[in-house]
Number of protein chains: 4
Amino acid sequence: MKRQRREDRRVARTKRQLRDALMELILEKGYDGVTIEDVTERADLGRTTFYLHYKDKEELLISSLEAVFDELAAQIMSMPQEWRLGENDHGPISVVFQHAAENATLYRILLRGQGSVALADRVRDYVTERAQVFFSSLVAELQTTPEIPPSLAANYYAGSLMSMLIWWLENDMPYPTQKIVHHFRALCIGGIASALGLSAAQMKF
Amino acid sequence: MKRQRREDRRVARTKRQLRDALMELILEKGYDGVTIEDVTERADLGRTTFYLHYKDKEELLISSLEAVFDELAAQIMSMPQEWRLGENDHGPISVVFQHAAENATLYRILLRGQGSVALADRVRDYVTERAQVFFSSLVAELQTTPEIPPSLAANYYAGSLMSMLIWWLENDMPYPTQKIVHHFRALCIGGIASALGLSAAQMKF
Amino acid sequence: MKRQRREDRRVARTKRQLRDALMELILEKGYDGVTIEDVTERADLGRTTFYLHYKDKEELLISSLEAVFDELAAQIMSMPQEWRLGENDHGPISVVFQHAAENATLYRILLRGQGSVALADRVRDYVTERAQVFFSSLVAELQTTPEIPPSLAANYYAGSLMSMLIWWLENDMPYPTQKIVHHFRALCIGGIASALGLSAAQMKF
Amino acid sequence: MKRQRREDRRVARTKRQLRDALMELILEKGYDGVTIEDVTERADLGRTTFYLHYKDKEELLISSLEAVFDELAAQIMSMPQEWRLGENDHGPISVVFQHAAENATLYRILLRGQGSVALADRVRDYVTERAQVFFSSLVAELQTTPEIPPSLAANYYAGSLMSMLIWWLENDMPYPTQKIVHHFRALCIGGIASALGLSAAQMKF
DNA sequence: TCCTAAGCGAGACGGTACGTCTTGTCTTCCA
DNA sequence: TGGAAGACAAGACGTACCGTCTCGCTTAGGA
C-alpha cells in the first residue's frame, strides 16, 4: 500500500514534468510547433512514457491547463460572498484580469488561436456556462421578463470579456486592473441588464 | 498578350478548382483533417500542381476566403450611403448576418478555431480595424471626449459581433436576421456610445 | 546485454531482408530501375524502416555485396598455404572463377556497369590492391629489378582478370573452370613475370 | 532546298550547343549529376528544345561522344598502312594513348563508371570488335591454329588496353606516350601471340 | 513583300521517387 | 510496475526531375 502511494507519487512527478515541459515549449514555439518528442526530451523522459499517461498532445494540454486554472477557480471560490457582487476591487472579474496579468504570455497564446485548434473556444464555453448559470438564477430570483434568453446574454458576456482581455494583453496592459475592469463593466453591463429586464438598481454583478 | 490571357485563364481555372475542392473538404472533415493530396485529388489535378501555385494549405485557404469575402465586401461597398447608419433592414450588420446565414457551415468553421491556426483572429482583426476607423471618424466629427480609446471600443465591438454570430449559428439561427441584429445592437451600442462620449441622439450606427 | 543481443538479432534480420530483396530486384530490373519502395515492399517492411538502417540505395548495395564477397574471401583465406601458389585446381584464381560461375547473374551485373555508378570500379580497385601487395612482396623477396612499378602490373592484372571473367560469363561459360583459368594464366602471366624481372622458374603465381 | 540547308545549319548549331554543354557539365559534376535542365540552361536553350532533338540524356551523350571519337577514328583511318603494324611511334595504339592524353579528363570519366551506366562497356565492346576482326584476319592469313578463340583474345586485349589507360591517366601520366605504349605491348602481346599460335616473328601488331 | 512553316521559349501539368518528419504501437529490458 | 530504449508501420510533407503538351513568337525561305 505504501508502495502504491510511492508509485503514485512517481507518476504524478512524471506527469508534472510533462505538463511543465509542454507549457514552456508552447510559450517558445506555439502549440502546433511543439512535438511530442520535444516535450519528452525537455522533460527528460522517454517518448514512450508520454503514451503511458496521455493519448494526445491535446490531452496533455487539457490536463496542463486544468492545473493552471484550478488555481484561479480556487481563488474565486474561496472569496467572501459579498465580494462576488457589484463593482469592487476583489470581485471575480478583477481576479480574472489579475490572473491574466500574472500569466500574460500564457493567456495571449490561449486566447488567440495559437493554443490549439479549439482551445480558446473551450475557455469561452466554460465562461459562457458559468455566466449562464448566474444570469438564469438572477432572472429566476428577481422574476424579470428578459427580452433575450440568458444563454445569449451569457455568450455575449463571455465574448466581451475575452475580447477585452485580448485587447488589454496585446496592448501591454495600458491600464491598471481596476481601470480596465471598470471599462469592461461600463461597456457591457448596461446592455445585458436591460436585455435581461433588470432595473438599474438590480445590476449587482 | 493574347497568350498571356489564355494562360491566365487556364491558371485561374486550376486555382478555382483547388479552392473549391478545399472548401468542400473543409466542410467535410475540418481544415486539419484535409490533406493536400485530398485537395488535388478532388480537384482532379496532380499533387505537384498544387505547389506550382501555393506554398501551403494555409496559403490556399487565405486565397479561398478572399474569394468568399470579396463578395460580402462588394455588397457592403455598393450600398447607398443612407443605409449605412442607424438601424434598418439593409445596414451593414444586417448584411453580415445575412451573409453568415447563407454560408452558415463555412462561418461555423471560420469563427470557431476549426478554420486554421489563426483564422478567426484574422477575421476579428479585420472587423476591429474597420470599426476603429469608423469610431475614430465619429469621435473626430462630433468632437466628443471618449472615456476609452476607439481601438478598445472597436475591439470590443468586433468581439461582441463575433460571439453573437457564433451563438446564432450554433443554435441554428433561432431568430430571423432582423431580430438578432436588433438584439445585438441593444446589447452593445449603448455601452459603446456612452464610452465614446456620444449622446443618445448621436448613436447613429 | 541480453537485450542488446535480441535487438541486434531483430535488426540483423531486417537488414538481411533488405539485402535479399535488393539482390532479387537487381537481378530482375537492374540496379537503376530498383526503387527503395520496391525493396521495402519486397522485404515486407515499411519504407521508413529502410532509412532507419541505410542512407542510400548505394549504401545498402555495398553492404549487400560485402555479405556475398565475405564468403569468397573466407574461402580463399582458409585454404592451405601451398595451394595459393602456382597453377593448380584449388588456387585463388580457380576459386574466383568458381565463385563467379556459382553467382553468374550477379557477377554479370557487377562487372558490367549495371551494378551502380562505380561498382565495377570498386571491385577492380580491391583486386588491384590485393595484387599489388602480392607483387610487391614478390619483388622484395626475390630482389628483382622490375621494369614497371608493381602498381601498374597489379592494375593490369586486375583488368585482365575482370575482362576474362566478363567474356567467360557473357559467353555462357564455354570452358570448364580449369580450362579458362589455364587460358587466363597463359595470356597474362608471362608478360607480368618478365615485366617484374622474374625468371620463368619464379613465376609461381 | 536551300532553306532546308539553313534550317539544318540552325539545328546543327543547337545540337552542338547541347553537346558542348553536356560535356562541360559532365566534367564538372559527373554524368549522373547533370540534369537536362542544367544542359539546356548552359546551352542557353529552352528545356523543351532538348526533347525536340533527343529522347534522353543518354541519347545526347552517345551523340556527343561520337563527335569526339569520330576525330580519333579519322586519324587512325587516314594513316599509312605500314604504320599500323609493329611497334612504332605512329601506330594506332600510340594514337589512342595520345588522344587519351589530350582529352584526359574526359577519358577518366568515360573509362571509370562515371560516364553513364554502360558507357565504358560500350567503348570496350567497340575496341573488342575491332581487335577481333584484326586477330581473325591474322589467324586466317597466317593459317595458325590458335589455342583460344580470337574473340577471347580480343576481349582480353581490350580489357588490358583499358586498364592500362586508366592506370596511366589516374596516375597523371607518369610516362611519356611511347614508354607506356611500350610497356603495354610488353605486357600483353607475348601472351596473345602465343595463344593465337603466332611465332615471335609474326607478332607484327 | 508577304506568308508560312520550322525552330524555339515559356511554362502548365501529371507522375514518380526521394528523403524527412511525426505519430502511435509494440517488444524487450531494467530498476 | 513504471519507465527507457528503440524498432517499426503509416502516411503527409515539400522537393526534384522527368516527359508531354499547348501556345505563341521569331525568322528565313519561297511565293
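Each chain gets a letter, A, B and so on, in the order its sequence line appears, and its residues count up from 1.
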Round to the nearest Å and state the distance from [X] atom [atom1] to [N] atom [atom2].
| X | N | atom1 | atom2 | result |
| --- | --- | --- | --- | --- |
| D:Tyr54 | F:dC17 | OH | P | 22 Å |
| B:Arg9 | F:dT22 | CZ | C1' | 15 Å |
| D:Arg10 | E:dA5 | CZ | P | 16 Å |
| D:Tyr51 | F:dT20 | OH | C1' | 9 Å |
| C:Phe50 | F:dA7 | CZ | P | 16 Å |
| A:Leu18 | F:dG3 | CG | C1' | 12 Å |
| A:Asp32 | F:dC13 | CG | P | 14 Å |
| A:His53 | F:dT1 | NE2 | P | 14 Å |

Proximity to the side chain of [X] - top-ranked nucleotide from [options]:
| X | options | result |
| --- | --- | --- |
| D:Leu52 | E:dG19, E:dC8, E:dG24 | E:dC8 |
| D:Ile36 | E:dG7, F:dG19, F:dG3 | F:dG19 |
| C:Thr48 | F:dG19, F:dG11, F:dG2 | F:dG11 |
| C:Arg47 | F:dA7, E:dT23, E:dG19 | E:dG19 |

Contacts under 3.5 angstrom, residues 60-67 of chain A side chains, donor-acceptor by atom type, not counting sequence neighbours:
residue: A:Ser63; atom: OG; partner: A:Tyr54; partner atom: OH; Å: 3.4
residue: A:Ser64; atom: OG; partner: A:Leu60; partner atom: O; Å: 2.6

Subject >> Residues which pass side chain to side chain donor-acceptor pair (under 3.5 Å) with A:Glu170, listed by chain and number, not counting sequence neighbours >> reply: A:Arg112
Subject >> Which residues share a side chain to side chain donor-acceptor pair (under 3.5 Å) with C:Glu28, sequence neighbours left out >> reply: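 With sequence neighbours excluded, C:Glu28 shows a side chain to side chain donor-acceptor pair (under 3.5 Å) to C:Arg42, given in chain and number order.
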Original post:
Is the backbone N or O of D:Thr35 less than 3.5 Å from a side-chain atom of D:Lys57, with the two atoms forming a donor-acceptor pair by type?
Top reply: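 Between the backbone of D:Thr35 and the side chain of D:Lys57 there is no qualifying donor-acceptor contact (under 3.5 Å).
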Kindly list each side-chain donor-acceptor pair under 3.5 angstrom involving residues 14-23 of chain D, sequence neighbours excluded, with atom names and distances?
residue: D:Thr14; atom: OG1; partner: D:Arg10; partner atom: O; Å: 3.2

Original post:
Would you find more than 12 non-hydrogen atoms of other residues, nucleotides or ligands less than 6.0 Å from C:Glu41 atom CD?
Top reply: no
**OP:** Please state whether the phosphate of E:dA12, meaning OP1 or OP2, lies under 4.0 angstrom from any side-chain nitrogen or oxygen of B:Thr14.
**Re:** no
**OP:** Find which nucleotide of DNA chain E each of B:Gly46 and C:Thr35 is nearest to by heavy atoms, and output the residue with the more 5' nucleotide.
**Re:**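 Of the two residues, B:Gly46 wins.
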Original post:
When you measure from every atom of DNA chain E, which of residues 37-45 of chain D have a heavy atom less than 4.0 Å away?
Top reply: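 Output list: D:Asp44, D:Leu45.
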Subject >> With C:Ala104 via side chain to side chain contact (heavy atoms under 4.5 Å, CB included) - residues at least two apart >> reply: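 Side chain to side chain contact (heavy atoms under 4.5 Å, CB included) list for C:Ala104, sorted by chain: C:Arg108, C:Leu169, C:Met173.
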